[in-house]
Amino acid sequence: MSTSMSPTRDSVSAPKPPITMKETLTLPSIGINQQFITFTHVTMESDKYICVRETAPQNSVVIIDMNMPMQPLRRPITADSALMNPNSRILALKAQVAGTTQDHLQIFNIELKAKIKSHQMPEQMFDRTANLANNQIINYRCDPTEKWLVLIGIAPGLPERPQLVKGNMQLFSMDQQRSQALEAHAASFATFKVAGNENPSILICFASKTLNAGQITSKLHIIELGAQPGKPSFTKKQADLFFPPDFADDFPVSMQVSQKYGLIYVITKLGLLFVYDLETATAVYRNRISPDPIFLTSEAASVGGFYAVNRRGQVLLATVNEDTIVKFVSDQLKNLELAVNLAKRGNLPGADELIIQRFQELFAQTKYKEAAELAAESPNGILRTPDTVAKFQSVPVQAGQTPPLLQYFGTLLTRGKLNAFESLELSRLVVNQNKKNLLENWLAEDKLECSEELGDLVKVGYTPDYLFLLQTILRSDPQGAVNFALMMSQMEGGCPVDYNTITDLFLQRNLIREATAFLLDVLKPNLPEHGFLQTKVLEINLVTFPNDPDIHFKYIEAAAKTGQIKEVERVTRESNFYDPEKTKNFLMEAKLPDARPLINVCDRFGFVPDLTHYLYTSNMLRYIEGYVQKVNPGNAPLVVGQLLDDECPEDFIKGLILSVRSLLPVEPLVEECEKRNRLRLLTQFLEHLVSEGSQDVHIVLQNSAFSGNFNLQNLLILTAIKADPSRVMDYINRLDNFDGPAVGEVAVEAQLYEEAFAIFKKFNLNVQAVSVLLDNIRSIERAVEFAFRVEEDAVWSQVAKAQLQEGLVSDAIESFIRADDATQFLDVIRAAEDVNVYHDLVKYLLMVRQKTKEPKVDSELIYAYAKIDRLSDIEEFILMPNVANLQNVGDRLYDEALYEAAKIIYAFISNWAKLAVTLVKLKQFQGAVDAARKANSSKTWKEVCFACVDAEEFRLAQICGLNIIIQVDDLEEVSEYYQNRGCFNELISLMESGLGLERAHMGIFTELGVLYARYRPEKLMEHIKLFSTRLNIPKLIRACDEQQHWQELTYLYIQYDEFDNAATTVMNHSPEAWDHMQFKDVIVKVASVELYYKAVHFYLQEHPDLINDLLNVLALRVDHARVVDIMRKAGHLRLVKPYMVAVQSNNVSAVNEALNEIYIEEEDYDRLRESIDLHDNFDQIGLAQKVRLKSSRYWKFLMVELILTCVNDTNVQIEKHELLEMRRVAAYIYKKAGRWKQSIALSKKDNLYKDAMETCSQSGDRELSEELLVYFIEQGKKECFASCLFVCYDLIRPDVVLELAWMNNMIDFSFPYLLQYTSKVDELVKDKLEAQKEVKAKESEEKDMVAQQNMYAQLLPLALPAPPMPRMGGGFAPPPPMGGMGMPPMPPYGMPSMGSY
């Protein structure tokens, strides 16, 4: 399919396909019905004709000439098969001949419209092989030698893949009378000439597509048949056929081979085209050429392509694109060798550069023979140039080898004729080598192209031996020798060889005809010196061939050319052996001054018209007169006839006739003149005849020798008709021997109607006579009177037709009955119906029935009975044998509202369907239902049902309806009919009854649901729940939506798994549709995430008490942060606290922060601390600040309270108040956030010393730890000082501890720390000593290694300096990290509370 595109760069540069497809014809456009465009009806044996066999509306054969396809020839022919001859307009038909059981073959010449022959089908050539059993045969072919036959069939595929059609082939050898069975779908024969074998090889190409072990294999095979012993043979080739995935079950249906280009075309059923090279089996091209299946192809040999016919009726022509195929193969396929071969094989453009390049490569490789062959075969002779000759000339000649130039010329000579330049160069070589005989042979064989330059070369110093040349040519080509001899006879200076010598050369080889041909041509000048040769040529021919027509003709020809007219006249008069036609033509062409030889030939052999025409056109009128008067007066009528055809003046013809007079045969003369409508020409002749016996011109009317002459009487009356009409009637009454019918017709043409009537009546030609009365005189009354007088059926028939034409229908019917004429019953029926004379028509049809058995007659009789209300006659008639088309009659009666008569017909023929609707028209509804039950047709049930509804016969309507609604397609129509008429309750009753039917289907349950939704909503939910599995839910959904039944709609959505729509419906129409448990089940199944949050909003607004229950089921599906945000914005965060507690394990920041806020607001410090410990994803600093802010506010509040209470109780209240834990939580948060100073400061402020020490230990900050020690000393907290040393053991420096303890009198409290540190020092010293030992051991090993190396070095010559020794390290290893040392960690909360310090 072509698509119009803008000329983009891609489209412009896209390669043009090598194969061009064109639609030459569409069969439907010339009137071929689509049903006949099939394999069994269409044949195409060549590119000349398509033959189509039609079987409707009548059997016919359509022949389409492809030269003028729009002018098909259609012939009424019945046949089983039809084929056109591939070359001529000969049609072969296969059909059964009446009275036989065997097929016969009939052959017709279409142009001559004649049957050539007919006989039983030819005897079989071979028996089918077993693989073709139960196959459909699709092709049968033979090779050009008619020694090989191939039969192709197809069969259903294997069970594992039945859609892949199987192909089978039978190859049969006529010589061996043997068959071979193969798997193939398409095959074709081809011829190919293998190098070194002068005889072409016969090849068979076949394509197969087979299924083996589940694998499909598609192959093309090319095999030689009957290889020739001792000759080079064709090597077997095969290639893959690549089917695209979409064409996996496609298969080849046809194969054509282009001998012109050496290409194989494989065409598949689905329109794929594969193109392969015949010689190499190389794939050239693949494309889809038709979107419709292809079932027929035929070779288009003249263009090297093929025709294809598809199921749409397109006749497609595939041709090679000569301008692009070579370039396509070279550029796209990158196959330069194939491109060159294609160009040479088909003489195609596009490979010039490749061929020149290849030629240069061969030349560079000194392959001169191959180069010469390439140049000789180059397309369009692109290498046969002076440059190529010069190239071969430039090659040095090797001793003992043939010069390359001679190899080149030798190759050219074996392939044909040399051009002018090549001929000149080769001749130079031959002349230089003095090999004149070669030059003479080539000239004799026409291998050289003659030119002026060649003539000059040969002329200088060279004289050909013409006698030798002639003898050489005679041995191989006698006709060529004649031509050469004639060429010599025309040379300047005269013929180099004597004519007599040349003649003897021919005669020595018994070449009489060639010698005669030469002599006749050279003796044309008729010179005296050639007299001997003239006599010689006549003698040798007459002696050698006394009875040979050709010799006698040659003799006549020679005598005529040499002017021996008398001899020509004698031989034409006496000889019985010359060819008359050939001689006549020669003498006419020779235009001899004496016409007697021609007169002899034409008179003897019946060429008188030709003779007359020649003499008249040559203005040789005296010879015409002489021939008629002296040679053969009996042929004068023929002469007169030809002269009339040549439009000779009448005066000459009249004079010629009168010159012969009584010798002239009258009847042939009258016949010739009458044929040309020139009888008046004989008037003068007739008068002369009469004058010889009497001066009265009416002698013909008397009892004379001429009175009984038939032609003369005809002539007399005809002359009177044209010359004197007033005398015609008298002649008619007085003459009896004339041609009544013919003369009567002439009288009619001359508008002498009464005379014509008299003639016809006189000769009892009553039909013609009444026709004159009716058609010319136009008197029906006289015609009726004449009919009564003669009482002939034919006459009454003519009268009846005229009456019918004039609209006198009743009279016409009476006349037809008198004539007993049933032939015009169609016209009578039509006319009687037009004027409504059915009583008369009945009488006429009863008469017609006695003479013919026509369905039309019996049908019209029934109709006529019905029109005149004779129903009993109808009943009686149809019980008797008749051929009426009762169905058509019944339909006609029904259409014209003659229902009672139609009822009788339909009941008789058991057409229950039509009977039912007829009874409906008659308001007989019970009978209509009974008839519909018998008809059992959906259409009938509907017609009766609807009629009963309209008549409010609902019981009967329900009976019908139950038979309709079981059909899915008819259900809605019934429902709409009831509803449109407001019969809602009756329709619901019908549908409810239908639920119990055995064939109840989904449509009934659904339609009832729709009806409930519209008219009985209280029953809808129960119906849905009972039959939810048998409902068309989408349809019922639409109905519930339209009727706003939201609860039912929600239920349907849930049943149909449309949970999004169900949830949306509930939220949009909650008063009717909401149910908490149902909604929880639905919301978790929705696909749209947004519905989760829409549900949260919905519950927040309408059911806040159940929102946590909803969120619990959505916990795994919602974004908790988004839910918190929704609740925060709504100001109802506390409402979803249970939900947040349940999902806090996900450690979502928003949830953590929301809960922490709630805990702060609720002052639930335990839960707050637990939340902080377990869920760390929150803004810790922000939370701490909130806690502090909360504490500050609370402190102010507390101060007011303290003023009002007893000061002594203040410490106790503060100590026990929850505010301390609040501040402790804040410090804990600072610690977790790494804000160590703020945490420590807050702990110190609240005297939470344990928390402060733990914070310092965890911070790993020495400075903070030592500052805390100083703080404890300043506050006098000695126990806290000791505890801090224990907790922050790894961070505090010993010198600082000793210094602070000594200066502040706290040595006792630092002593546990010092003891621990001492043991630590001992361990460090021990580790140090062990490390030193390891270092010394390592150094010792290294020294030993160096010494050993030096020992080996002394044994070697001093060539290279020793490599540098590795540098040894010294000192102590850095101390191990102290993270793992120190005091063991304290258990949590192991120290006593320091709140009092």
Side-chain angles (χ1 to χ4, degrees), residues 885-897 899 902-1015 1023 1027 1029-1036 1038-1039:
N885 190 331
L886 296 177
Q887 179 63 53
N888 291 346
V889 175
D891 293 343
R892 184 179 179 189
L893 294 173
Y894 178 85
D895 293 339
E896 297 190 18
Y899 299 124
K903 171 185 170 183
I904 295 171
I905 299 298
Y906 289 141
F908 181 78
I909 64 175
S910 300
N911 188 337
W912 309 117
K914 295 296 289 188
L915 177 60
V917 295
T918 304
L919 291 172
V920 165
K921 296 293 185 182
L922 294 172
K923 305 298 182 183
Q924 300 173 14
F925 297 109
Q926 183 62 57
V929 172
D930 295 338
R933 184 176 290 108
K934 294 178 181 179
N936 197 23
S937 159
S938 177
K939 179 182 178 183
T940 305
W941 280 120
K942 281 191 289 185
E943 291 174 338
V944 178
C945 176
F946 296 163
C948 290
V949 170
D950 293 339
E952 298 184 356
E953 294 282 347
F954 293 113
R955 182 185 63 82
L956 297 176
Q958 182 166 322
I959 294 173
C960 299
L962 290 174
N963 288 278
I964 303 171
I965 62 176
I966 58 175
Q967 304 295 332
V968 178
D969 297 336
D970 299 326
L971 176 62
E972 288 192 7
E973 185 179 355
V974 173
S975 178
E976 289 177 4
Y977 198 88
Y978 271 85
Q979 293 182 68
N980 290 340
R981 285 151 182 80
C983 305
F984 309 124
N985 294 329
E986 291 78 7
L987 176 59
I988 291 174
S989 175
L990 169 62
M991 294 298 172
E992 288 174 344
S993 299
L995 297 182
L997 295 175
E998 183 179 351
R999 295 173 59 188
H1001 53 80
M1002 180 181 288
I1004 298 176
F1005 291 89
T1006 304
E1007 190 64 26
L1008 181 56
V1010 172
L1011 294 173
Y1012 282 155
R1014 292 175 180 171
Y1015 313 115
H1023 179 73
F1027 305 111
T1029 59
R1030 304 194 67 177
L1031 295 173
N1032 182 343
I1033 293 180
K1035 182 176 180 180
L1036 197 53
R1038 291 192 296 271

(request) Give a yes or no on whether Glu972 atom CD has more than 12 heavy-atom contacts from other residues, nucleotides or ligands under 6.0 Å away. (result)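 Counting neighbours around CD of Glu972, 12 or fewer heavy atoms of other residues, nucleotides or ligands fall under 6.0 Å, so no.
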(request) Verify the neighbour count for atom NZ of Lys1035: are there more than 12 heavy atoms of other residues, nucleotides or ligands below 6.0 Å? (result)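 Yes - once you tally the heavy atoms of other residues, nucleotides and ligands closer than 6.0 Å, there are more than 12.
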Of all the heavy-atom pairs spanning [X] and [Y], show the shortest one and how long it is.
X: Arg1030; Y: Met1002; value: O-CG, 3.2 Å
X: Gly890; Y: Ala902; value: O-CB, 3.9 Å
X: Ile965; Y: Met991; value: CG2-CE, 4.1 Å
X: Ile959; Y: Trp941; value: O-CZ3, 4.4 Å
X: Phe925; Y: Cys948; value: CD2-SG, 4.0 Å
X: Thr918; Y: Lys903; value: CG2-N, 3.9 Å

Does a side-chain heavy-atom distance below 4.5 Å link [X] with [Y]?
X: Gln887; Y: Lys914; value: yes
X: Leu971; Y: His1001; value: yes
X: Thr940; Y: Trp912; value: no
X: Glu943; Y: Val920; value: no
X: Asn963; Y: Cys945; value: no

Got a second to check how far [X]'s [atom1] is from [Y]'s [atom2], nearest 0.5 Å?
X: Tyr977; Y: Phe946; atom1: OH; atom2: CZ; value: 6.5 Å
X: Gln979; Y: Leu987; atom1: CD; atom2: CG; value: 5.5 Å
X: Tyr906; Y: Leu893; atom1: OH; atom2: CG; value: 7.5 Å
X: Ile1004; Y: Ile966; atom1: CD1; atom2: CD1; value: 7.5 Å
X: Gln958; Y: Ile964; atom1: CD; atom2: CD1; value: 11.5 Å
X: Glu973; Y: Gln967; atom1: CD; atom2: CD; value: 12.5 Å

(message) For Leu1008, run the side-chain contact (heavy atoms from CB on, under 4.5 Å) check against Leu1036, Leu1031, Leu990, Leu995 and tell me which one passes.
(response)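 Testing Leu1008 for a side-chain contact (heavy atoms from CB on, under 4.5 Å) against Leu1036, Leu1031, Leu990, Leu995 leaves exactly one candidate, Leu995.
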(request) Quick one: sort the His1023 and Tyr1012 rings into parallel, tilted or perpendicular, breaks at 30° and 60°. (result)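 Perpendicular.
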(message) Side chains of Glu1007 and Ser975: any donor to acceptor distance under 3.5 Å?
(response)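 Short answer, yes.
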(request) Establish, yes or no, whether a centroid distance under 6.0 Å links the rings of Tyr894 and Tyr899. (result)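 Ring centroids of Tyr894 and Tyr899 are less than 6.0 Å from each other.
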(request) Look at Arg933 together with Asp930 and state whether they make a salt bridge at an N to O cut-off of under 4.0 Å. (result)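 A salt bridge links Arg933 with Asp930.
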(message) With a 3.5 Å distance limit and no angle check, can you tell me whether Ser989 reaches the backbone of Asn985 through a side-chain donor-acceptor pair?
(response)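 No.
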